[in-house]
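Report on the structure given below.
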Amino acid sequence: KASAVEKRWTLNDFDIGMPLGRGKFGHVYLAREKRSNHIVALKVLFKSQLKQSQVEHQLRREVEIQSHLRHPNILRLYGYFYDQTRVYLILEYAAKGEVYKELQKCKYFSERRTATYISSLAQALIYLHGKHVIHRDIKPENLLIGLQGELKIADFGWSVHTFNRRRTMCGTLDYLPPEMVESVEHDASVDIWSLGILCYEFLFGAPPFEAKEHSDTYRRIVKVDLKFPSKPIVSPGAKELISQMLVKDSSQRLPLHKLLEHPWIVQNADPSG
Ligand SMILES: COc1ccc(C(=O)Nc2ccccc2)cc1NC(=O)CCSc1ncnc(N)c1Br
């Protein structure tokens, strides 16, 4: 697929299919590249919207970095092209759709499914940290499911601007670690915190510090006011793992490679991911 990046794509190269969902700044459609019959997801971004949100440079940088990313748990960006008014991203199509919809349907996931997803995400994050990329937006809304049920990180609003975006975009604050809520320096360990939040939400159906008011969520995060409900029943190993990830002192959070060796992950994650 290396040629995909250099090739000059145009809209005429694709048959456009059904809308897949709302992506950031635009719509996403199922599409088929005519010559290869390859099925992709085509994301359409309006230049006007990118301009008014001043994210053109972030998109350019993302596209540059992503064209070099290759990992089974990271959604591929095959290439991009643009016309007068729009920018088109040629994305890998995740055949089993969005994790957050699956979570809404099942209310919460089994320990085996959760451990398999968390293990895959940890492997993807180790890969990304190896490439000095941090702060993925790893909340359920940004995760997709591939044909074999494998998890794919699908949102790429990473980099320091994400924080500003989140604050301006007033997306969920639930995933912000204390050091970001308190706007101090942050490093790759923010991803371990977010992974802990995600693990909790997969197992219990809601993030741990959820509250009606943003101010209450902030307070609960900074205090690490972590409580486990009695239902659904979750094994002590899972709670112990989450407690090792949701630690206020970022240097004390369980490192990702240690997570992969954690007994609860080893006993519950499906090795095929
Ligand atoms: C590598 O995936 C991306 C890479 C980049 C961006 C992006 O917009 N960046 C960006 C946009 C504006 C400004 C700054 C950054 C977005 C995605 N991904 C997505 O938007 C996911 C689209 S939904 C979907 N995709 C595949 N299969 C499905 N079944 C579905 Br549903």
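Both ligands and their constituent atoms are indexed starting at 1 by order of listing.
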**Prompt:** In Å and rounded to the nearest 0.5 Å, what is the CD to OH distance from Q123 to Y127?
**Reply:**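 Between Q123 CD and Y127 OH, I get 13.5 Å after rounding to 0.5 Å.
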
**Message:** Distance check, rounded to the nearest 0.5 Å: L246 atom CG versus L195 atom CG?
**Reply:** 9.5 Å

**Message:** I'd like to know if E102 pairs up with K105 as an ion pair, taking the criterion as any Lys NZ or Arg NE/NH1/NH2 lying under 4.0 Å from an Asp or Glu carboxylate oxygen.
**Reply:**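 Looking at K105 together with E102, the answer is yes, because their closest N to O distance falls below 4.0 Å.
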
For ligand 1, which atoms sit closer than 4.0 Å to a heavy atom of [X]?
{"X": "L89", "result": "5 (C), 6 (C), 7 (C), 8 (O)"}
{"X": "E92", "result": "26 (C), 27 (N)"}
{"X": "Y93", "result": "27 (N), 29 (N)"}
{"X": "L50", "result": "12 (C)"}
{"X": "A41", "result": "25 (N), 26 (C)"}

**Message:** Hydrogens and angles aside, do Q52 and S48 bring a side-chain donor and acceptor to less than 3.5 Å of each other?
**Reply:**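 Looking only at side-chain atoms, S48 and Q52 do not form any donor-acceptor pair under 3.5 Å.
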
**Item:** Distance-only N or O hit between ligand 1 and A154, under 3.5 Å
**Value:** yes

**Prompt:** Does K43, backbone or side chain, put an N or O under 3.5 Å from an N or O of ligand 1?
**Reply:** yes

**Request:** Any chance you could lay out the salt bridge (charged side-chain N to carboxylate O under 4.0 Å, His left out) test for R35 and D13, step after step, and finish with the verdict?
**Result:** CA-CA 8 Å; R35 247 180 300 291; D13 292 318; 3.1 Å; yes

**Request:** Among residues two or more places apart or on two chains, list those pairs meeting ring-ring contact (aromatic ring centres under 6.0 Å, His included) that have a residue in residues 247-273.
**Result:**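 Qualifying pairs, neighbours excluded: none.
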
**Request:** Determine whether the side chain, the backbone, both or neither of L75 has a heavy atom under 4.0 Å from any heavy atom of ligand 1.
**Result:** both

**Asked** Should F109 and L103 be marked as a side chain to side chain contact (heavy atoms under 4.5 Å, CB included) after you check the CA-CA gap, both sets of side-chain angles, and the distance that decides it?
**Response** CA-CA 7 Å; F109 292 152; L103 187 55; 3.9 Å; yes

**Asked** Any idea which of A94, G97, G21 brings a heavy atom closest to atom 28 (C) of ligand 1?
**Response**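 Among A94, G97, G21, the closest heavy atom to atom 28 (C) of ligand 1 belongs to A94.
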
